[in-house]
Every structure is written in C-alpha cells, then in structure tokens.
Amino acid sequence: MNYTTQMDAARKGILTREMEITAKKEGMKPEELMELVAEGKAVIPANKHHACLEPNAIGSMLKTKINVNLGTSRDLNDMDLELEKVEDAVSMGAESIMDLSSFGDTRKFRKRLTSQCPAMIGTVPIYDAVVYYHKPLKEITSEEWIQIVEMHALDGVDFMTIHVGINKQTAHRFKEAKRLTNIVSRGGSIIFAWMEMTGNENPFYENFDRILEICREHDVTLSLGDACRPGCIEDATDISQIEELVTLGELTRRAWEKDVQVIIEGPGHMPLDQIAANMKIQQTICKGAPFYVLGPLVTDIAPGYDHITAAIGGAIAAAAGASFLCYVTPAEHLRLPDADDVKEGIISARIAAHAADLAKGIKGAKEWDHQMSDARKRLDWEAMFNLAIDPEKARRYRASSKPEKEDTCSMCGNFCAMKNMNRILDGEIVNIYDE
C-alpha cells in the first residue's frame with residue numbers, strides 16, 4: 001500500500017476500499033467522505049489485521065454510530081457467553097464492540113473477536129496490562145504499559161482507549177478541585193493510582209510519540225480517554241474535566257501531524273442544560289474530531305433504568321454534535337449485563353442515535369419514519385413490524401393481546417382514529433358502537 005492510515009490515504013487523495021464502502025453506507029460521494037477523513041472530522045477505524053471487518057465511518061456529519069461494551073470479569077468469566085452477546089449485538093445493529101475484559105485469557109478472547117466479528121473492535125490496554133502481567137499495579141513498568149498497546153495493535157484492534165490526558169499537571173488540578181465522586185473511569189483510576197504510587201509521569205503521555213508510531217504502523221484509531229469524565233451531576237463540566245479536554249485537544253493535533261485518526265471521549269453524567277454546550281466546547285478545543293460519549297446520563301437516581309437516562313442524554317449530545325454513543329444498559333452501576341440487558345441497552349442507544357439523526361437531517365433518517373407512518377396509516381401491521389427498530393418485541397406485544405378485529409389494536413378497537421379517518425375520507429359511514 002502507498003499509505004499508512006486511512007487519514008494518510010485521504011490526504012494523499014487515495015480512495016481506499018474502506019472509504020468506498022462507508023461512503024455508500026452514508027449515501028454520500030466518496031470524495032466528500034475522503035475530505036472529512038483528511039481533516040480529522042471523520043474516522044474509519046480499520047486495523048490492517050482485522051480481516052473480517054465491515055468498516056463504518058464516525059463523524060458528526062454522518063449517521064450516529066453506537067458502541068457496545070462487553071467482556072469477561074472475575075465474577076463472570078464465560079468467554080462463549082460473551083461471544084454470544086457480541087453476535088447478538090451485531091445482529092441488533094451495533095457498529096462497534098469494546099472488549100473490556102478484566103479477567104481470564106483476555107488475549108484469546110480478543111483474537112477471537114478480531115477473527116470472527118465484523119464490527120469495529122475497541123479495547124482499553126490499561127485494563128489488560130493489569131490482567132496480563134499478573135503482578136501488583138505499582139510494579140508494572142512504563143515500558144510494559146506501552147508493550148500492551150503494541151500487542152493490541154498486532155491483535156487487530158481497530159481503536160484503543162488510551163487514558164493519556166491525565167498527566168501530572170491534570171492530576172494535580174484534580175486533587176485540588178476535590179470532586180464529589182473523584183475519578184469514576186476505571187482506566188483513569190488505575191493510571192492515576194500508578195502515578196501516585198510510583199511518582200512517575202503517565203507513561204502514555206510521556207511516550208505519546210511511540211504510541212503514535214504504533215497506531216500509524218497498524219492503522220489504529222486513538223480514542224483519547226476521559227479519565228476525568230464526571231461521574232455524577234455535581235461534577236459535570238468542572239475544572240478537572242475541562243483541564244483534561246484541553247490536554248486532549250493538544251494531543252489530537254500531535255496525532256494528526258502523524259496521520260493518526262482520533263476520537264475524543266466525553267462525559268458520563270451531565271444535566272440536560274449542559275450537554276449541548278459541552279459538545280460545542282469539545283468541537284472547538286479538538287477542532288471537530290469525532291466525539292464519543294458514554295450516555296451522558298442526565299440524572300444519578302435511576303439504577304436499573306440507566307439505559308433510559310443515557311438515551312435521553314445521548315439523543316441531545318448527538319443532535320448537538322456527538323458522533324458515537326456508548327450504550328448503557330439497565331445493569332449500569334449494578335452488575336455485568338446479561339443478554340437481555342445488552343438488548344435493552346442497544347435498542348435504547350439506537351433510538352437515541354436515530355432521534356439525533358432526524359434532528360441533524362442525516363440522509364435517510366426521515367425516510368424511515370415516513371415509511372412507518374405510512375404503514376400505520378394503512379393499518380399494515382406486517383409492514384410496521386418489519387420497519388420497527390425491534391421487530392420481535394413489536395410482534396410479541398401485539399400477539400399478547402389480540403384485538404377482536406384485525407384492523408385495530410386492543411387499546412382502541414372501533415375507536416381507532418386511523419381506521420375511522422380512512423373510512424370517512426373514503427366516503428364510508430362510521431358508526432363505531434354498533435360495528
């Protein structure tokens with residue numbers, strides 16, 4: 001190949017296979033997408049070693065994509081079960097899978113993902129280092145942290161969350177600010193603890209040029225992690241979050257100078273009235289790099305329903321410029337999600353993404369709603385099921401309470417406005433009660 005990364009190819013005017021495929025999915029000219037990739041406003045995570053990848057592009061001018069977090073843990077270490085969840089997630093429309101495994105043979109699981117899964121695969125090397133080296137956190141060396149990054153790149157991972165923004169300066173500011181919930185990012189808390197115990201600089205920040213070399217060689221997209229993302233409404237948009245974001249903006253510029261694609265990770269918990277402003281701040285500081293948000297969750301009081309709090313925040317965030325939504329399941333804050341939780345999280349995130357695409361005027365979004373409305377007007381139940389974001393649930397709900405007459409539902413019956421308006425406009429008599 002005459003290019004290293006998708007960004008390098010775009011800047012050289014080389015139309016890659018991945019650009020052609022993703023442009024077609026977006027309903028846009030390949031040259032338009034190429035320009036966005038060249039500018040860093042869109043990314044196509046596509047590791048050269050991920051042979052079965054069906055690529056997707058991420059950017060605020062494109063269809064909003066969703067990511068699903070999965071992986072093994074000490075309490076639930078069933079690799080086959082997690083792979084079943086992966087397959088289900090892809091079949092339900094997830095464009096991306098993040099492997100957050102924190103126990104067991106993590107490399108085996110990761111390699112199975114990149115050899116079998118067509119979705120984009122993301123990882124967090126910080127988690128894996130703790131598992132892989134089997135030694136106390138303090139004893140992991142700076143070199144060993146970087147070696148894990150290289151291992152993940154070789155294994156075919158398309159994007160990696162690197163918690164590089166929490167350096168000594170941002171850590172000092174965090175300690176001065178005294179948050180209510182401190183650092184809630186797992187990776188952020190791990191690297192902060194390592195820095196505190198060793199007195200050393202964040203190895204990812206100190207060796208950022210080496211990380212860029214690894215990413216450039218294998219075409220790995222950097223997902224610049226937000227170690228200081230707010231973990232509660234009280235901490236939203238505080239000095240720690242903004243200080244880290246400024247650092248991420250500087251690192252984005254350095255990555256682009258090396259033709260490395262970049263995603264910026266964003267807030268977790270945030271009140272409704274701050275979300276849109278946060279999206280604009282990110283776009284300004286990080287020069288339009290795609291923004292990847294966890295939710296955001298718009299209230300702290302809904303354990304068991306956080307897929308809803310996240311969908312509300314995600315719709316607002318994506319409508320205001322976020323490109324990539326990380327799903328949140330009903331199990332958030334409570335336990336590892338099961339298959340039903342995964343489905344609830346995916347559907348909620350897809351609804352949020354589509355709602356945002358409607359607001360942004362993304363090509364094809366309005367047409368889907370138009371087709372559903374037309375099917376409802378015609379009382380075409382089969383068409384409605386096929387157009388539904390979750391056809392299985394729609395069919396099951398109708399079947400669970402069959403109406404007396406097929407052209408109505410059990411809620412309205414002969415009072416159905418759709419049926420009666422169709423009939424009256426066709427010149428028929430509408431009696432309702434004696435029908």
Side-chain angles (χ1 to χ4, degrees), residues 65-104 106 109-110 113 117 119 121-124 126-128 130-131 161 181-190 225-226 229-233 235 265-270 292-315 317 324-353 389-390 392-393 396:
K65 308 305 187 298
I66 68 165
N67 172 72
V68 169
N69 290 341
L70 293 167
T72 59
S73 71
R74 180 179 291 274
D75 293 308
L76 288 168
N77 184 28
D78 188 332
M79 195 180 298
D80 291 331
L81 177 61
E82 291 306 299
L83 284 168
E84 285 179 22
K85 292 181 191 176
V86 168
E87 292 172 3
D88 289 344
V90 173
S91 69
M92 284 186 279
E95 291 91 2
S96 169
I97 302 291
M98 280 203 83
D99 173 20
L100 304 187
S101 293
S102 59
F103 192 77
T106 54
F109 183 63
R110 185 167 59 251
L113 281 177
C117 182
I121 302 298
T123 58
V124 186
I126 285 179
Y127 302 170
D128 199 38
V130 176
V131 178
T161 294
T181 53
N182 294 316
I183 291 175
V184 299
S185 159
R186 289 199 307 190
S189 66
I190 290 169
D226 53 339
R229 70 170 181 264
C232 66
I233 297 300
D235 294 338
E265 297 192 12
H269 292 238
M270 184 158 286
Y292 172 32
V293 294
L294 179 64
L297 282 70
V298 296
T299 180
D300 302 332
I301 54 90
Y305 298 91
D306 277 330
H307 58 309
I308 297 173
T309 64
I312 294 168
F324 198 19
L325 302 181
C326 186
Y327 92 147
V328 173
T329 77
E332 185 78 8
H333 301 113
L334 300 172
R335 61 171 169 81
L336 192 74
D338 62 19
D340 290 337
D341 296 325
V342 169
K343 180 175 181 179
E344 289 292 311
I346 290 171
I347 297 301
S348 299
R350 287 191 62 203
I351 292 169
I389 200 164
D390 184 357
E392 184 277 329
K393 187 171 186 178
R396 174 161 48 84

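Given the structure is predicted, the values throughout are model-derived calculations rather than measurements.
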Exercise: identify the closest heavy-atom pair between [X] and [Y]:
X      : Y      : answer
Phe109 : Glu82  : CZ-CB, 3.7 Å
Met270 : Pro230 : CE-CG, 4.3 Å
Asp341 : Arg335 : OD2-NH1, 2.8 Å
Ile97  : Ala89  : CD1-CB, 3.8 Å
Val293 : Ala317 : CG2-CB, 4.2 Å
Ile66  : Ala353 : CG2-CB, 4.1 Å

Under the side chain to side chain contact (heavy atoms under 4.5 Å, CB included) test, residues paired with [X] that sit two or more places apart:
X      : result
Ile126 : Val124, Trp145, His163, Ile190, Ile191, Phe204
Asp78  : Asp80, Leu81
Thr106 : Ser101, Arg110, Asp128, Val131

Partners of His307 by ring-ring contact (aromatic ring centres under 6.0 Å, His included), sequence neighbours excluded? none
Where the side chain of [X] meets the backbone of [Y], is there a donor-acceptor pair that is under 3.5 Å apart?
X      : Y      : result
Ser348 : Ile308 : no
Asp300 : Cys232 : no
Asn77  : Arg74  : no

Among all residues two or more places apart in sequence or in another chain, which pass the side chain to side chain donor-acceptor pair (under 3.5 Å) test with [X]?
X      : value
Thr299 : none
Thr181 : Asp235
Lys343 : Asp390, Glu392
Ser96  : Asn67

If I take atom [atom1] from residue [X] and atom [atom2] from residue [Y], how far apart are they, to the nearest 0.5 angstrom?
X      : Y      : atom1 : atom2 : answer
Leu336 : Ser102 : CG    : OG    : 8.5 Å
Glu332 : Leu297 : CD    : CG    : 6.5 Å
Leu294 : Tyr327 : CG    : OH    : 11.0 Å
Ile347 : Thr329 : CD1   : OG1   : 13.5 Å
Glu265 : Tyr292 : CD    : OH    : 6.0 Å

Not counting sequence neighbours, which residues clear salt bridge (Lys or Arg N to Asp or Glu O under 4.0 Å) with [X]? List them please.
X      : result
Asp340 : none
Glu95  : none
Asp306 : none
Asp75  : none

Heavy-atom side-chain contact between [X] and [Y] under 4.5 Å:
X      : Y      : value
Leu113 : Leu83  : yes
Asp99  : Leu70  : no
Val130 : Arg186 : no

Dump the intermediate steps for side-chain contact (heavy atoms from CB on, under 4.5 Å) on Thr161 and Met98, then the final yes or no. CA-CA 9 Å; Thr161 294; Met98 280 203 83; 3.3 Å; yes
